[in-house]
Each structure stands twice: as structure tokens, then as C-alpha cells.
There are 2 protein chains.
Amino acid sequence: MVKTSLDAIDRKILKYLIKNARMPFLEIARECGISGAAIHQRIRKLDEAGVILGSRLIVDPKMMGFDVCAHISITLKDPQLLKKTVEELRKVPEIVECHFITGNGNILVKLYCVDNEHLMRTIFDGILRIQGIATTETNISLQEVFQREVNIDFIEE
Amino acid sequence: MVKTSLDAIDRKILKYLIKNARMPFLEIARECGISGAAIHQRIRKLDEAGVILGSRLIVDPKMMGFDVCAHISITLKDPQLLKKTVEELRKVPEIVECHFITGNGNILVKLYCVDNEHLMRTIFDGILRIQGIATTETNISLQEVFQREVNIDFIEE
DNA sequence: GCTGAAAACCAAACAAG
DNA sequence: CTTGTTTGGTTTTCAGC
């Protein structure tokens with residue numbers, strides 16, 4: 001996992017696209033004071049280097065009918081089963097994030113469900129049936145107050 | 001927070017753009033079998049309805065120099081200070097997510113830091129100095145195994 | 001709500017410095 | 001690493017259905 005050195009223009013390009021993935025390259029070019037072709041090549045390079053992972057439309061989960069957001073901390077029966085368990089968790093469509101963590105539990109997942117009944121089914125039929133999972137601890141998110149991308153401004157190199 | 005009724009085409013449009021925010025509208029149009037102008041109008045409507053919140057380039061935090069990811073559960077001195085505390089948390093650039101939660105603590109934040117020393121400074125100088133915060137409990141994410149947008153396929157209306 | 005067409009605009013690739 | 005140019009595709013708007 002090698003770090004690429006990003007110069008000021010790279011960071012400026014990323015900053016704009018992090019806020020709006022559909023911002024035209026030519027508009028970025030005008031903001032940065034270089035040609036569109038240069039922006040295009042820099043973005044391609046950032047993509048190939050793995051700095052850029054993709055782009056996403058951000059939708060309001062509530063508007064899509066997902067009224068329940070929760071974090072679940074999962075404790076494994078056996079640490080050996082980590083990789084296999086993750087592969088099973090990946091198949092649970094409600095889960096949007098998965099971390100290996102320190103502290104209480106071994107895995108932390110974030111998920112969205114339609115309602116509490118759906119959450120219950122997801123926990124009991126989706127998560128607890130996975131071999132290797134011993135216990136879960138669920139924390140409901142009453143409100144997702146804000147969500148944003150990592151701010152790259154305060155790395156001044 | 002009224003739910004808009006999304007038909008099959010709306011969901012198809014969103015599904016494509018959630019995977020790739022820069023997918024050309026005309027390509028979506030071809031996949032959906034309707035004109036580009038219709039796609040354009042539907043997306044504008046979804047935007048105005050608040051279903052679409054924006055779009056983001058997804059960057060690898062590690063590549064940007066953020067080697068440490070953590071979740072911090074925050075307990076307030078006084079529940080009255082909730083709103084004010086959130087406004088202060090919003091000013092901490094390292095924080096990318098903020099929830100009101102049930103269970104252990106009142107607020108859960110997710111953040112990225114450059115290293116453990118930076119995390120320590122963020123907790124002590126950034127978070128614990130905020131009026132109204134009593135205690136914090138930090139959970140380091142050893143690895144962010146995956147991260148994706150909510151899968152809208154399993155809502156079949 | 002959709003369409004097709006027009007005008008303005010953009011992405012991508014190129015040779016060249 | 002940059003630029004200007006070119007080609008084909010795209011966005012956006014609008015009248016009309």
C-alpha cells in the first residue's frame with residue numbers, strides 16, 4: 001500500500017470531485033488554471049494509482065424507505081473464521097460497511113433496514129446464522145446527523 | 001419527511017448512479033429504453049424531491065495519508081446540549097459521520113486520522129474540549145473491510 | 001409524463017513541445 | 001507534465017405530443 005505523493009493540483013481536483021463527482025473536468029480545469037487534458041490525465045493517473053476508488057450518487061436512505069440505521073458489533077467464536085465470516089457478511093445486502101475493530105467485539109458493521117422488524121430478521125436470519133459468529137450487540141442510530149467524505153484540506157504536505 | 005414513490009425506472013436510474021455517479025445519462029437511457037431527456041427530467045425531479053443528496057468521488061483514505069479510522073462513542077453531560085455539541089463536532093474536520101444513538105453513549109462519530117498521535121490530539125484537543133461532552137470511548141478500526149452504498153434492489157415495492 | 005432535435009458543451013485521444 | 005486540436009458523444013433545453 002504505497003502512498004502516492006499528491007501535489008496541490010491533485011488535491012484540488014480531488015477536493016472538487018469529492019464534493020461533486022459529476023463536476024465537468026473542464027470546469028475543474030478552469031478553477032485550477034490548467035488545461036482540460038491535463039486534468040484528464042491526472043485523474044486517470046490517480047485512478048490507476050488506486051487513490052480514486054470510484055464515485056457514488058448519495059441518496060437519502062429514508063427517502064428510499066430505509067428508516068432504521070444501526071451499528072452491530074460482532075464477536076467471533078474463533079478468530080480463525082474472520083475471513084470466511086466477512087465473506088458471508090458481504091452477502092447480507094443490508095450491510096453497507098464492515099470493519100475489523102479493537103475493543104468490544106471483533107467486527108463492526110453498519111446497516112440500513114426498512115423497519116425494526118426487518119432489522120430483527122436481518123440480525124437473526126442474516127447475521128446470527130453465519131457460522132463463526134458468537135454474539136452480536138446492536139446499536140440503533142436514532143438519527144444520522146451528518147455524513148461526508150474525508151476532508152483533505154488539512155493535510156498540507 | 002415524505003416518501004416519494006419511485007417507480008422501476010427511477011430505481012434503475014439510481015441503481016446505476018449509485019454504482020457510478022459519472023455514468024452518462026444517455027447510457028442509462030439506453031439501458032432503460034427511454035430517451036435521454038426523460039432520464040434527465042427524472043433525475044432533476046429526484047434531486048428536487050431530496051432523494052438525491054449529491055454525488056461523491058470515493059477516495060482511499062490510506063492513499064490520502066489517513067492510516068487510522070476510529071469510531072468514538074460520546075456521552076453528554078446534559079442531553080440539552082445535544083444540538084450545540086453536534087455543531088461543534090461538525091467543525092472537527094476529521095469527523096466524517098455523526099449519529100445520535102441508543103445504548104452506550106449518546107453520539108457516535110466516525111473519523112479518520114493520519115496516525116495515532118493525530119487521533120490523540122483530535123480526541124483531546126478537538127472533541128473533549130467541547131462543552132457538554134462528558135466522556136468518550138474510542139474504538140479503533142483495524143481495517144475497513146468494505147464500504148458501499150445501500151442496496152436498493154431488495155425493496156421491490 | 002414522454003419524444004426528437006438543436007445548440008452548447010464535454011470527454012477522450014492525439015501529436016507535439 | 002503540459003498544451004491545443006479534433007472527433008464523437010453528452011448535456012440541456014424546448015416545442016410538441
Side-chain angles (χ1 to χ4, degrees), chain A residues 1-60 62-65 149 152-153 155-157, chain B residues 1-60 62-65 149 152-153 155-157:
Chain A
M1 201 68 75
V2 181
K3 259 158 229 154
T4 323
S5 55
L6 309 175
D7 66 11
I9 294 180
D10 286 330
R11 287 204 299 274
K12 205 164 179 181
I13 294 170
L14 292 174
K15 203 184 81 181
Y16 284 120
L17 288 174
I18 283 171
K19 276 193 289 201
N20 173 16
R22 285 192 81 91
M23 183 167 177
F25 294 176
L26 284 178
E27 206 176 321
I28 299 170
R30 286 188 290 268
E31 294 285 343
C32 293
I34 59 175
S35 73
I39 299 290
H40 188 257
Q41 286 172 40
R42 277 170 177 267
I43 290 175
R44 193 167 47 77
K45 202 166 288 183
L46 289 168
D47 205 354
E48 285 165 0
V51 176
I52 295 174
L53 299 176
S55 66
R56 283 203 208 118
L57 197 74
I58 309 300
V59 298
D60 185 342
K62 281 205 167 37
M63 287 287 189
M64 303 297 305
E149 264 288 310
I152 66 176
D153 276 345
I155 292 201
E156 289 303 331
E157 171 129 19
Chain B
M1 200 69 76
V2 182
K3 258 158 228 152
T4 323
S5 55
L6 309 175
D7 66 10
I9 295 180
D10 286 330
R11 287 205 299 276
K12 205 165 180 181
I13 293 171
L14 292 173
K15 202 183 82 180
Y16 284 120
L17 289 174
I18 282 171
K19 277 194 288 201
N20 172 18
R22 286 191 79 94
M23 183 167 177
F25 294 175
L26 282 179
E27 206 176 322
I28 298 170
R30 286 188 289 267
E31 294 285 342
C32 292
I34 59 175
S35 72
I39 299 290
H40 187 257
Q41 288 168 34
R42 277 171 177 268
I43 289 175
R44 192 167 47 77
K45 200 166 290 183
L46 290 168
D47 205 354
E48 285 164 0
V51 176
I52 294 174
L53 300 176
S55 65
R56 286 204 205 117
L57 196 75
I58 309 301
V59 298
D60 186 341
K62 282 206 167 35
M63 287 287 188
M64 303 297 305
E149 264 287 310
I152 66 176
D153 276 346
I155 292 202
E156 288 303 330
E157 171 135 21

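Below, each value reflects all heavy atoms present in this structure, side chains not excepted, and no hydrogens, waters or symmetry copies. So that the names make sense, note that chain A is the first sequence line, chain B the second, and so on, each numbered from 1.
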- prompt: Of the nucleotides D:dC1, C:dC2, D:dT2, which has the atom closest to the A:Ala38 side chain?
  reply: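 Nearest listed nucleotide: D:dT2.
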task: Measure from the side-chain heavy atoms of A:Ala37 and tell me the nearest of C:dG4, C:dC14, C:dG1.
output: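 It is C:dC14.
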Shorter than 3.5 Å, N or O on both sides, protein versus nucleotides 15-17 of chain C: list them out with atom names.
none

What is the distance, rounded to the nearest whole Å, between atom [atom1] of [X] and atom [atom2] of [N]?
X       : N      : atom1 : atom2 : result
A:Glu48 : D:dC1  : CD    : C1'   : 15 Å
A:Ile9  : D:dT2  : CD1   : C1'   : 10 Å
A:Ile43 : C:dA13 : CD1   : P     : 13 Å
A:Ile34 : D:dG4  : CD1   : P     : 12 Å
B:Ile39 : D:dT11 : CD1   : C1'   : 13 Å

Distance, nearest 0.5 Å, that separates [atom1] of [X] from [atom2] of [Y]:
X        : Y       : atom1 : atom2 : answer
A:Glu149 : A:Ile18 : CD    : CD1   : 5.5 Å
A:Ser55  : B:Met23 : OG    : CE    : 11.5 Å
A:Leu53  : B:Asp60 : CG    : CG    : 5.0 Å
B:Asp153 : B:Leu14 : CG    : CG    : 11.0 Å

query: Please, which pairs that meet salt bridge (charged side-chain N to carboxylate O under 4.0 Å, His left out) have at least one residue in residues 21-43 of chain A, sequence neighbours excluded?
result: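 Qualifying pairs, neighbours excluded: A:Asp7-A:Arg42, A:Asp10-A:Arg42.
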Check [X] against [Y] and note the closest heavy-atom contact, atom names and distance.
X       : Y       : answer
B:Ile13 : B:Cys32 : CG1-SG, 4.4 Å
A:Leu17 : A:Ile43 : CD1-CD1, 3.7 Å
B:Ala21 : A:Ala21 : CB-CB, 3.9 Å

Please tabulate the protein-to-nucleotide N/O contacts below 3.5 Å involving nucleotides 8-11 of chain C, giving atom names and distances.
residue: C:dA11; atom: OP1; partner: A:Phe25; partner atom: N; Å: 3.0
residue: C:dA11; atom: OP1; partner: B:Arg22; partner atom: NH2; Å: 3.1
residue: C:dA11; atom: OP2; partner: A:Phe25; partner atom: N; Å: 3.2
residue: C:dA11; atom: OP2; partner: A:Leu26; partner atom: N; Å: 3.3

- request: Compute the angle between the rotation axes at the two ends of the helix from C:dG1-D:dC17 to C:dG17-D:dC1, each taken over five pairs, rounded to 10 degrees.
  value: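 Comparing the first five pairs with the last five, the axes sit 30° apart.
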For B:Arg56, all residues meeting salt bridge (Lys or Arg N to Asp or Glu O under 4.0 Å), sequence neighbours excluded: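 Scan of B:Arg56 (salt bridge (Lys or Arg N to Asp or Glu O under 4.0 Å), adjacent residues dropped) gives none.
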- prompt: Among all residues two or more places apart in sequence or in another chain, which pass the salt bridge (Lys or Arg N to Asp or Glu O under 4.0 Å) test with B:Arg44?
  reply: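 Salt bridge (Lys or Arg N to Asp or Glu O under 4.0 Å) list for B:Arg44, sorted by chain: B:Glu48.
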- prompt: Would you find a donor on one side and an acceptor on the other, under 3.5 Å apart, between the side chain of B:Arg11 and the backbone of B:Leu6?
  reply: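 Between the backbone of B:Leu6 and the side chain of B:Arg11 there is a qualifying donor-acceptor contact (under 3.5 Å).
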Touch class at under 4.0 angstrom, heavy-atom based, for A:Arg42 against every strand present: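 If one applies the 4.0 Å heavy-atom cut-off, A:Arg42 turns out to touch the sugar-phosphate alone, with no base involved.
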